[in-house]
Amino acid sequence: MALFLFKRLLQAAVVMFVISIISFSIQDNLGDPLREMLGQSVSEAERQAMRDEMGLNDPFLVQYGRFIGKALQGDLGTSYFFKEPALDVILKKLPATLELVIGASFIIVVLSVPLGVYSAIKPHSTFTKAIMGFSIIGISIPVFLTAILLIYFFSIELGVLPSYGRGEITHIWGYWSTGFLTKDGLLHLLLPCVSLASIMLPLFIRLIRAEMVEALHTEYVKFAWAKGLGKYRIWFLHALKNTMLPVVTVGGVQIGTMVAYTILTESVFQWPGMGFMFLEAVNRVDTPLIVAYLIVVGAIFVITNTIVDLIYGLIDPTVNLIGGKQ
Amino acid sequence: MKRGVAILAGAVLAAGMSLGAQAKTLKMAYDADPVSMDPHEQLSGGTLQYSHMVFDPLVRWTKDLGMEPRLAEKWERIDDRTVRFHLRQGVKFHSGNTMTAADVKWTWDRLLASPDFKAIFGPFEALNVIDDHTVDLVTKEPFPLVLNAATYIFPMDSKFYMNSEDKGMLKKHGDTFASRNESGTGPFKVAKREQGVRVDFERFADYWDTKSPGNVKNIVLTPIKEGPTRVAALLSGDVDFIAPVPPTDHDRIKKNDNTQLVTMPGTRVITFQMNQERVEAFKDARVRQAIVHAVNNVAIAKKIMRGFATPAAQQGPKGYAGYDASLQPRYDIKKAKQLMKDAGYEKGFTVTMMAPNNRYVNDAKIAEAVANMLSKINIKVDLKTMPKAQYWPEFDKRAADMMMIGWHADTEDSANFTEFLTACPSKETGWGQYNSGNYCNEAVVKLIQDSASETDPAKRAAMLQQVERTLYEEAAFVPLHWQNLAWGARKNIKLDAVVNVMDFPYLGDLVVE
């Protein structure tokens, strides 16, 4: 295990290094940050003077060296727009995004398990066909379209749910704030979480259904039936338990993907999270913030993947963590 | 009996007035929030909208582009280089300090140090304090646009800022005291601000303008970037007032029983420039004429902009000094073909074209339409569109033969268009900085230079009109349209009275029923 951890950390360091180089080198192609910061009538000469002052005219390696030196001390640069350390800006936006991901994951778990199990047990019922039909639609409609449709239906036509923002939030500790504790906050969470869940939910229903169907056809389930065990015991204790292992693994990986999807959801709902912030940063050519975001998200991916691997090893000790022959 | 009616009417009126004076909260959504609380950090629409709420200028534009007094009660021209402003007395800043000429002077010095704003005050020599409530603005030469410039002087509380740790330092994209705190004389104070998420404003109890009918007590500004989300927030009642309204949603807001749409012709002109240095054919005025005649800008305004634009044939819009009503759009494909033939380009040629795809309303679609129209006169267009962040560096490099540029004059004056877009490019004067066409006519430059020191409005207008006519005749650029402006609001908001072509609603005067 120690060897595995060491190897994993080394890998993570290499990955982070590559991410930093890539994100840093694309910044020259993102546009001129000064255009976003200066009025139209500022002269070219003054613009150049400002570029010098900000160090934008230095050679790539000089700029990158400066960046890495600071990054190793935990300073990822200062956002042009927010005028604060980029890492602080991102950490302040993180709770809002995590809340969205947690809410959507909750919806996915609560719905996908019963629906997936049901459609596996009753493959020919009308309800199963409806579930399958909806899941196809869910997969094929882009997230932002789902979001806009939800807004038009629930906010404009019915007027029951708010159309944008986080609503009332409670500050818990430091930067951390949450909408889970107030009714207004929860109402604001509903539509964005449903939109975000809409893309993953069908995937999980189908995954659970497929795994469950397979499990129902295994010898031990047939044996359980033969022993005369109760049907709920067979379905939920014997079959479902074995279904969940691959589902948990896929789920772990998908959480990372979900963070990426928040960009779309957040921009439609004006959700003050990391994804929306990133999109805005791209529009404003706020390069320090863009680079910092890519590095933070890269780190989240690396960390979750490592944890998933570790858990996998704990659940199923036969899995060879290090790879290669033992 | 008559007396009874009069009393009754008086009572009703009084009741109505007290009702009107009731404090209201306005929830509004713009597409962006001000980048900073420092009014001098960036010259942009967002900053000016904010400045009119929190600060107050010496003078301000009226709806029909006239001038009305604000912190300057009255003004007079003393000689051909000096205008004297008499400041209103007893005006309080949000901090409680009283505004005096010293604050105006302090603000003035700060403006001159601001990279964004100093260009506006280039023609000025000094601001002299005469006494506590009188200042003189002195220009280097006789200068006609003193009042236009004065609309940008929003006095700041010098004592308040000087008492801070950094003495009210001005820094671009820097974290300063002024970027986090404010003390102005405006109708609203900033109560709370979370950049990019929301700004809370609160009415200033000691606001000097007690005659203002405005009854909005609190304003909550939420930036909502996405057009459809902004419109949805208005339609669902989550906000009371939004701007801008995307052209596709105008009907929806008009038809809704609870909402209203207010529109107005705008002053931002959209054009294409033809680079004479890159394309030999563009040096021939007949070819440029042919292109202008081949582009059906009336159809673009009608179809692509859905009627939400005013077709243009010159730079400055109606109401500006140089506007010449006789200059009309001139779509004529037959004439265009003939002109190409006369110039010897009947077989046509190929050009490259660039346009942004997220800067102006429908910019990429407009560029596609223009490219299509040019194919009718055998000009093959190789079009590339890109986000504005990538577009501006390309524009600076003059990277294509035809490039799109939109322009709004910071001075609300015709000469500004020429200075930046159509004057001969010059490193010394900085003129022609956005002239990617490299069009150059010394006579035009001379006229603009002379107009800059002509204080007789009629004579000056004649000069500027002469410029517009010359540019029109020589087809210096391809005029498309002026973008219109649109605001959406709930029915109970008397928005009509406070919006203007500059697009900074005077929310201090807003009445909510």
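Bear in mind the structure is a predicted one, so any value in this text is a computation, not a measurement.
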Sort [X] into side chain, backbone, both or neither according to what part of it lies under 4.5 angstrom from a heavy atom of chain A.
X: P393(B); value: side chain
X: K388(B); value: side chain
X: R359(B); value: neither
X: F117(B); value: neither
X: A232(B); value: both
X: N358(B); value: side chain
X: Q433(B); value: side chain

Which answer fits [X], side chain, backbone, both or neither, if we ask what part of it has an atom under 4.5 Å from a heavy atom of chain B?
X: V285(A); value: side chain
X: I151(A); value: side chain
X: R47(A); value: side chain
X: M50(A); value: side chain
X: Y152(A); value: side chain

Inter-residue atom distance [X].[atom1] - [Y].[atom2], 0.5 Å rounding:
X: S44(B); Y: E36(A); atom1: OG; atom2: CD; value: 10.5 Å
X: S114(B); Y: L38(A); atom1: OG; atom2: CG; value: 9.5 Å
X: K172(B); Y: M37(A); atom1: NZ; atom2: CE; value: 7.5 Å

Just wondering, more than 12 heavy atoms not from [X] lying within 6.0 Å of its [atom1]?
X: K491(B); atom1: NZ; value: yes
X: Y360(B); atom1: OH; value: yes
X: F153(A); atom1: CZ; value: no
X: F134(A); atom1: CZ; value: no
X: F180(A); atom1: CZ; value: yes

Taking every heavy-atom pair that is under 4.5 Å apart, which of [options] has the most such pairs with chain B?
options: F154(A), F82(A), F276(A); result: F82(A)
options: S155(A), G159(A), P272(A), G165(A); result: S155(A)
options: G31(A), A49(A), P33(A); result: G31(A)

Tell me the closest heavy-atom pair linking [X] and [Y], and the distance in Å.
X: G39(A); Y: D116(B); answer: N-OD2, 2.7 Å
X: A233(B); Y: S163(A); answer: CA-OG, 3.3 Å
X: K83(A); Y: S36(B); answer: NZ-CB, 3.7 Å

Problem set entry | Intermediate values then yes/no, side chain to side chain contact (heavy atoms under 4.5 Å, CB included), V197(B) and K93(A) | CA-CA 11 Å; V197(B) 179; K93(A) 304 281 179 188; 3.5 Å; yes
How about [X] and [Y]: do any of their side-chain heavy atoms sit closer than 4.5 Å?
X: D175(B); Y: T78(A); answer: no
X: E226(B); Y: F144(A); answer: no
X: R35(A); Y: D396(B); answer: yes

May I ask you to name which of [options] has the most heavy-atom pairs under 4.5 Å with chain A?
options: P387(B), G174(B), P228(B), G430(B); result: G174(B)
options: A119(B), A29(B), P223(B), A32(B); result: P223(B)
options: E194(B), R252(B), M386(B); result: R252(B)
options: D238(B), L43(B), I224(B); result: I224(B)

For this session: Decide, yes or no, whether a salt bridge links E46(A) with K118(B) under the criterion of side-chain N to carboxylate O below 4.0 Å.
Result: yes
Exercise. Checking side chain to side chain contact (heavy atoms under 4.5 Å, CB included) for the pair W407(B)/Q40(A): CA distance, chi angles, key distance, verdict?
Worked result: CA-CA 9 Å; W407(B) 197 260; Q40(A) 58 182 12; 3.7 Å; yes
Problem set entry | Those residues of residues 417-426 of chain B, ordered by number, that approach chain A below 4.5 Å (heavy atom to heavy atom) | F420(B)
For this session: Let me see the working for V35(B) and Y80(A) under side chain to side chain contact (heavy atoms under 4.5 Å, CB included), right down to the final yes or no.
Result: CA-CA 10 Å; V35(B) 296; Y80(A) 295 145; over 6 Å; no
Problem set entry | Residues that K92(A) engages under side chain to side chain donor-acceptor pair (under 3.5 Å), provided they are two or more places apart | E84(A)
